[in-house]
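Reading through the structure tokens given below for one structure.
Quantities reported herein were computed from a predicted structural model and do not represent experimental measurements.
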Amino acid sequence: MRGIMIASSQDHALQQLLQRLPDLEPLTHYRRYCESRAHGHRKQAFEQLERFLQAFQSQTLDFKIWFARVVLDHAETVIDGDCGPLPHPLKELAIKPALQLWSDRDPTATQPLYWLAKFFQDRDALQQALQRDPLAQKPLVLDIEQKFGRLDFSTHHLPDSYIGDPDTDLSLLAEIGLLIEKVQDIPTKSRLDQELQFFSSLISSYRQWQASGEVSFAAWAAKHEKVAESGVKTYHIER
């Protein structure tokens, strides 16, 4: 059932993108890719994609940037918009080079660097975006969320074990708190503040337990009515 639901949402994302794309000659083969992929004709879809990518190399930079904007904006705003409409060959051979060229052409732009960070896990691009504009909201929020990801990793085995150093993570929390002050969207800021408070409570509790000398963090947390788990499920497989 889950596989059917994923396929359905990807098909929906492809259909929505087709509605957004203008009927331009340079987009013919990409439109055919989307149509074939939505109808389950994978082989024909990727044949059309290959033809699109071959022609894409000779398109103007303005067209390449425009196309990257349309596809990535769709990927950010539509469920599974980063799946069917954005296959790996398209990302690597068209979108990524277009973003890099866009960033080179406009040394003040943060959007291409933000998308390189988000869709290509380019940490250097994210830092460069924040150097260009420390208050650029999308790179700022992505940076905060990635820092929370580091805390998720540190705490995901609690109450059994802590990965890393809690003092280092408490320092990271202080840094995150300063960054959250720069977030302008109220709902986003509220969500990030709640996450900050949760991790502050969890890691501070773990640090207090360490100082207590008691054996079990879970038992100590229960006794003192403290949070002892990150909420991330872990699975141990015995062989």
For Lys96, the side chain to side chain contact (heavy atoms under 4.5 Å, CB included) test, sequence neighbours excluded, returns Glu92, Gln100, Leu116, Phe120
To the nearest 0.5 Å, atom CG of Leu99 lies from atom OH of Tyr114 at 12.0 Å
Ignoring hydrogens and geometry, is there a side-chain-to-backbone donor-acceptor pair from His224 to Ala219 under 3.5 Å?
no
- Show your working on ring-ring contact (aromatic ring centres under 6.0 Å, His included) between Phe67 and Phe56 and close with a plain yes or no. CA-CA 10 Å; Phe67 179 75; Phe56 189 83; 5.7 Å; yes
The side chain to side chain contact (heavy atoms under 4.5 Å, CB included) partners of Leu101 (sequence neighbours excluded) come to Leu61
Q) Is the number of heavy atoms from other residues, nucleotides or ligands under 6.0 Å of Ile79 CD1 greater than 12? A) no
*asked:* Between His39 and Ser36 (side chain of the first, backbone of the second, donor and acceptor by atom type, cut-off under 3.5 Å), is there such a pair?
replied: no
Step-by-step salt bridge (Lys or Arg N to Asp or Glu O under 4.0 Å) determination, Lys189 to Asp193: CA-CA 6 Å; Lys189 189 171 188 175; Asp193 269 328; 5.9 Å; no
Closest heavy-atom pair, Pro166 versus Gln210, reported as atoms and distance to 0.1 Å, is CG-OE1, 3.7 Å
Per-pair distances, 0.1 Å, donor-acceptor, side chain in residues 175-186, under 3.5 Å, sequence neighbours excluded:
unit_1 : atom_1 : unit_2 : atom_2 : d
Asp185 : OD2    : Thr188 : N      : 3.0
Asp185 : OD2    : Thr188 : OG1    : 2.6

Check against side-chain contact (heavy atoms from CB on, under 4.5 Å), Leu17 and Val70:
CA-CA 9 Å; Leu17 181 57; Val70 171; 4.2 Å; yes
- Message: So that I can tick it off, tell me whether Glu145 and Arg191 are bridged by a salt bridge, with the cut-off set at under 4.0 angstrom between side-chain N and carboxylate O.
- Response: yes
Rounded to the nearest 0.5 angstrom, the CD-CZ distance for Gln44 and Arg37 is 12.5 Å
Margin query: Has Thr28 got a side-chain atom pairing as donor or acceptor with Glu25's backbone, closer than 3.5 angstrom?
Written below: yes
One should read off an interatomic distance between Cys34 SG and Leu14 CG, to the nearest 0.5 angstrom, of 5.5 Å
| field | Arg20 with Asp73: basic N within carboxylate O range, under 4.0 Å | value | yes
Rounding to 0.5 Å, atoms CG (Leu173) and CG (Leu196) come to a distance of 6.0 Å
**Prompt:** With the threshold set at 4.0 Å, does a side-chain nitrogen-carboxylate oxygen contact exist between Glu47 and Arg51?
**Reply:** no
Going by distance alone, is a donor N or O of one side chain under 3.5 Å from an acceptor N or O of the other, for Arg123 and Gln146? yes
Got a salt bridge between Glu214 and Lys223, using NZ or NE/NH1/NH2 to carboxylate O under 4.0 Å? yes
### Query
Taking the side chain from Arg31 and the backbone from Leu18, do they hold a donor-acceptor pair closer than 3.5 Å?
yes
Next item on the list: Determine whether Asp169 and Phe199 make a side-chain contact, defined as any pair of heavy atoms from C-beta on separated by less than 4.5 Å.
Entry: no
- Message: Check whether Ser212 reaches the backbone of Trp209 with its side chain - one donor and one acceptor, N or O, closer than 3.5 Å.
- Response: yes
Minimal heavy-atom distance between Asp143 and Leu126, with the atoms involved, is CA-CD2, 3.8 Å
Residues Leu202 and Ala228: closest non-hydrogen pair is CD1-C, 3.7 Å
What one should report as the nearest heavy-atom pair of Ser205 and Trp220 is O-CZ3, 3.4 Å
task: Fit a plane to each ring of Tyr33 and Tyr30, take the angle between them on a 0 to 90° scale, and name the class: parallel (under 30°), tilted (30 to 60°) or perpendicular (over 60°).
output: parallel
Residues at least two apart in sequence or cross-chain that pass side chain to side chain contact (heavy atoms under 4.5 Å, CB included) with Ser171, listed by chain then number, are none
4.5 Å side-chain heavy-atom contact, Lys138 and Gln111: yes
Margin query: Strictly distance-based, threshold 3.5 Å: is any side-chain N or O of Asp80 a donor or acceptor partner for the main-chain N or O of Cys83?
Written below: no
Is there a side-chain contact between Leu158 and Glu229 in this structure, where contact means two heavy atoms from C-beta onward sitting under 4.5 Å apart?
no
Checklist entry - Would Tyr162 and Phe153 show up in the same hydrophobic cluster when neighbours are defined by side-chain heavy atoms closer than 4.5 Å? => result no
Interatomic distance, CZ@Arg32 vs CG@Leu49, rounded to 0.5 Å, equals 13.5 Å
Distance-only donor-acceptor check, side chains Trp115 and Glu76, under 3.5 Å: yes
Between the side chain of Gln137 and the main-chain N/O of Leu135, is any donor-acceptor distance below 3.5 Å? yes
In terms of heavy-atom contacts, Leu170 and Ser204 come closest through CD2-OG, 3.7 Å
By side chain to side chain contact (heavy atoms under 4.5 Å, CB included), Arg132 pairs with (sequence neighbours left out) Ser103, Ala109, Thr110, Leu113, Gln128
Near Glu50 CD, under 6.0 Å, is it more than 12 heavy atoms from other residues, nucleotides or ligands? no
Side chains of Phe217 and Asp160 in contact at under 4.5 Å (non-hydrogen atoms)
no
Residue pairs passing the side chain to side chain donor-acceptor pair (under 3.5 Å) test with at least one member in residues 53-63, sequence neighbours excluded, are Asp62-Arg105
